[in-house]
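Report on one structure; see the data block that follows.
Quick note: numbers below take in every heavy atom, side chains included, and nothing from hydrogens, waters or symmetry partners. Predicted model, so just to flag it, every value in this text is computed and none were measured.
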Amino acid sequence: MSDQHPTTASTPTTTPSSRVPDKVSLDGLEDRWDAAWAEQRTYAFDRSRGRDEVYSIDTPPPTVSGSLHVGHVFSYTHTDVVARFRRMRGAEVFYPMGWDDNGLPTERRVQNYYGVRCDPSLPYEPGFTPPHEGGDGKSIKAADQLPISRRNFVELCERLTVEDERQFEALWRRLGLSVDWSHGYQTIDARARAVAQRAFLRNLERGEAYQAEAPGLWDVTFQTAVAQAELEARDYPGHFHRVAFHGTDGPVHIETTRPELIPACVALIAHPDDERYQHLFGTTVRSPLFDVEVPVLAHTAAEPDKGAGIAMCCTFGDLTDVQWWRELQLPTRSVVQRDGRLLRETPEWLTTEAGRTRYAELAGKTTFSARAAVVDALRESGDLDGEPTPTQRKANFFEKGDKPLEIVTSRQWYIRNGGRDWDGRDLRAELLARGQELGFHPDFMRVRYENWVNGLNGDWLISRQRFFGVSIPLWYPVTVDGEVDHDHPIVPDEAMLPVDPSSDVPAGYTEDQRGVPGGFVGEADVMDTWATSSLTPQIAGGWGWDDDLFARVFPMDLRPQGQDIIRTWLFSTVVRSHLEHDSLPWRHAAISGWILDPDRKKMSKSKGNVVTPMGLLEEHGSDAVRYWAASARLGTDAAFEVGQMKIGRRLAIKVLNASKFALGFGAGDATTPDPAAVTVVLDRAMLAGLADVVDRATEALEAYDHTRALELTETYFWTFCDDYLELVKDRAYGSADAAPSADTVSARTALALALDTLLRLLAPVLPFATEEVWSWWKEGSVHRAPWPEAAPLRAAAGDADPAHLAAAGRALATLRKVKSEAKVSMRTEITSATLAVPTALLPLVEATAADVRSAGRAYDLRLEADPSLDEGEEQALQVRGAELVPAEPKPRR
RNA sequence: GGGCGAUUGGCUCAGUGGUAGAGCGCCUCGUUCACACCGAGGAGGUCACUGGUUCGAACCCAGUAUCGCCCACCA
């Protein structure tokens, strides 16, 4: 091919242009460059840099027991674009990746994969081999699962997650995330456990963590307490039952969806202003079937227009019951146990023979079968007024559970989060102020934070009755009477962390004192997964074990995440940082939107429409998929659209081909292009326009608006290819015989400057294609090259107006249109024609006429101003009297 | 019930006060000496609706409708 660009044919074979391949392709770029970046440590974090030189990112650690989906690829690409931009802008980017392998999903997966379950009462068995390896993913019945110790169970969790994490890393590398893989962490690893325990102990010391025995939301399937943030309200079918309580003056009807709780009834409650019930306040009624005497009370939380206007208050049917129970000092008569079944013993508050007999029939039943039994009994006794009427109600569910939550009383640990009063300190206001301080992108996402904080109705429940998690690092003394003294927890020294209270022994005790009078017991509960996840800036930054690093990266610059976890992850992280460091955990939060199906529904596995990310990357190429992701603004839901990936692929291929073309002129041969060599007005106009693009794209990226930057750059790149390259190619080729003229050198120099700039502008979105081109003619990685600046381009452009390029482009398009309408090839020569130009445009076209004539193959084109064209809205140019070389007769197929 | 966002050509989306834009798709044509994973040209929209402010509204204000999401709602 070298005979097509003679000026480079005579140059030595080591010139950059000779490094351009004959045939370019995107295939294989991902593997090749991923390996090269790893080998050259292109994205390694230089920890000698100070905090003011660092840009640190608190990357969301994906849940490894799940699978990555298209939404992850989407949002992680947004983060990577920011990381690459900041790195090129000169910041030392701290961009670690963690894995969230803590918590229930992993536990469940291990149970099914290995056929085991955790029984914390069992001793550790060294060298344990699980009964199954690589279960088929289907649920194994609890009865068929082998019980093993907590430590064995945790070991299996760790074994399984290592394999998952390997696959996740492979995907991220393929996607081109510029992560420094030497700074990884797992939310269950020893350092993360130590950080989580240390932070908890400090919360405890400052009075921010406390325990309380209280009614709370409880999942009967997982048998664990659940926090407000983990709730999900779902539609749940039920029935209204109109039930008669027995008053002295006749029946009092209430309506309930949960008749099985009648034995737990402690009062009937109506609004104090409700005329219908005035005469009953202060009296008592007797419950149907169980014949328990309960008072009729007034409380403003009762709503006259709901149901019968008078409610049955049970311990506990819902959160309003809890409120009444607390504020009206009602007795506790719980019948629902932690396993979701009714008490097996007949409660002592059922005193009549008939009532006790009725209850015995319900004892041990699930709430569902107890309800059916109660309804039958009510119907039989005549206390059911009419038949139950179906209703759709909302019930609270644990987000991972499938049965409605019950409310049971238990001892739990809490961290203050502003949801409850705290000794005159207004933590809620402090956290709202932090929300104001944080830069949300887009800004309106702050409202979700504020809504959540304002809607909190309790402190953060962090204890969970599970096994695979970070232990609450406490023991309790056992009195000589054998009672566990929860009020005086035994605290480990921070140097001991992490500890497992079920196998480690507190200072001053020996293992044989475990569980015996005068000895100790370990806290059995683990912390909520968010109690660890809320500390990712501290975990990734090395808080407590690498404080030098921590000082260089904290508070971090950016938290990227989804809008769905503002109330959980973002908020809880702000809480921990505020309490521990009296600061925000990061300055900015970049919130990505959802990926939606073409039919505008959120993509979900159940719909069977999930595309595997790796398959997507393999099919379209990583740059193409990144382009699709980067085309969507932060906070905006985006359609899953293969078409957009194809456009991205086309752009990446165009980058390769246009670069190859420009470099083929010898544009890249000069080590340092001399801006002073750019003398032709068209070349200078192109650079002037590019300088504007650099300014505007930079401004957009600084404002976390990557789509705007991409759009600006992409649009200019296509103008560069379609118009500028076409206009200058004859001039850039130069003459085969002579040394390059000044005009030729001008074109080549401008091409070099433009290509250099455009590659750097596109590098954050298309890291593979741009790196490939960069390697043809530059040293080092484009991803470590400085972000382009407008000033050098303006210096080369002088006072040239970008309008020159626009005018020349329009003149060329007008000539093309003539050929298109004449249905001839674009290569057809226009032997004679006049181009009529609006008056204002004439000087611009004249100044670029040589390139226009050349590119349009209209070597004798005459130019004239035509004032009549000035009037039109389009300011259209017109070709008049065109004579074309007759087209060759086309052979019919 | 409260809140947030969206509604622009067939599709996906830009455009935040000054005469409607892009890409895809479509139509017509061309082309293989950067690029068939191609190029050129063209058609196509009363900017959801109703009022208002303004010389002028896709854009600002008020209201309505539809869609999505968050929160509250278990009698």
Please state the [atom1] separation for the pair [N] and [M] - nearest whole angstrom.
| N | M | atom1 | result |
| --- | --- | --- | --- |
| rA43(B) | rU50(B) | C1' | 33 Å |
| rC74(B) | rG15(B) | P | 41 Å |
| rC24(B) | rG42(B) | P | 14 Å |
| rA22(B) | rA14(B) | C1' | 7 Å |
| rA65(B) | rG25(B) | C1' | 30 Å |
| rC35(B) | rG39(B) | P | 11 Å |
| rG44(B) | rC37(B) | P | 31 Å |
| rG23(B) | rG63(B) | P | 38 Å |

Can you tell me the base-pairing partner of [N]? Count Watson-Crick or G-U wobble geometry only, both distances below 3.5 Å, and say none if there is no partner.
| N | result |
| --- | --- |
| rU64(B) | rA48(B) |
| rG42(B) | rC26(B) |
| rG1(B) | rC71(B) |
| rA20(B) | none |
| rC33(B) | none |

Can you identify which nucleotide, out of [options], has its nearest atom closest to the [X] side chain?
| X | options | answer |
| --- | --- | --- |
| A658(A) | rA34(B), rG42(B), rC37(B) | rA34(B) |
| A311(A) | rA75(B), rA34(B), rC4(B) | rA75(B) |
| E711(A) | rC4(B), rA14(B), rG30(B) | rA14(B) |
| N396(A) | rC24(B), rC74(B), rG3(B) | rC74(B) |
| F661(A) | rA34(B), rA40(B), rA75(B) | rA34(B) |
| W452(A) | rA40(B), rC71(B), rC29(B) | rC71(B) |
| R708(A) | rC37(B), rC69(B), rA14(B) | rA14(B) |
| F444(A) | rC37(B), rC4(B), rC74(B) | rC4(B) |
| K654(A) | rC38(B), rC74(B), rA75(B) | rC38(B) |
| R633(A) | rC37(B), rG15(B), rC70(B) | rG15(B) |

Using a cut-off of strictly less than 4.0 Å, decide whether [X] has a side-chain nitrogen or oxygen near OP1 or OP2 of [N].
| X | N | value |
| --- | --- | --- |
| T636(A) | rA6(B) | no |
| R816(A) | rG30(B) | no |
| Y449(A) | rG3(B) | no |
| R650(A) | rC38(B) | no |
| S820(A) | rG30(B) | no |

Does [X] come within less than 4.0 Å of [Y], counting only side-chain N to carboxylate O?
| X | Y | result |
| --- | --- | --- |
| D443(A) | R448(A) | no |
| D723(A) | R816(A) | yes |
| R633(A) | D705(A) | no |
| R696(A) | E699(A) | no |
| E406(A) | R258(A) | yes |

> Parallel, tilted or perpendicular: which fits the ring planes of F720(A) and Y724(A), with parallel below 30° and perpendicular above 60°?
Replying inline: parallel
Contact class for [X] (heavy atom, under 4.0 Å): base, sugar-phosphate, or nothing?
| X | result |
| --- | --- |
| W718(A) | sugar-phosphate |
| A301(A) | base |
| E406(A) | nothing |
| E714(A) | nothing |
| I647(A) | sugar-phosphate |
| F240(A) | sugar-phosphate |
| N451(A) | sugar-phosphate |
| T320(A) | sugar-phosphate |

>> Which is more 5' along RNA chain B, the nucleotide nearest G643(A) or the one nearest K819(A)? Just name the residue.
In response: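 By nearest-heavy-atom nucleotide position, the 5'-most residue is G643(A).
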> Looking only at N and O atoms, is any donor in the side chain of E726(A) or the base of rA34(B) less than 3.5 Å from an acceptor on the other one?
Replying inline: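 For E726(A), whose side chain was compared with the base of rA34(B), there is a donor-acceptor pair (under 3.5 Å).
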> Any side-chain donor paired with an acceptor under 3.5 Å for D637(A) and Q563(A)?
Replying inline: yes
> Taking the six-membered ring for Trp, is the centroid-to-centroid distance between H271(A) and H299(A) below 6.0 Å?
Replying inline: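 Judged by ring-centre distance (under 6.0 Å), H271(A) and H299(A) do not meet the cut-off.
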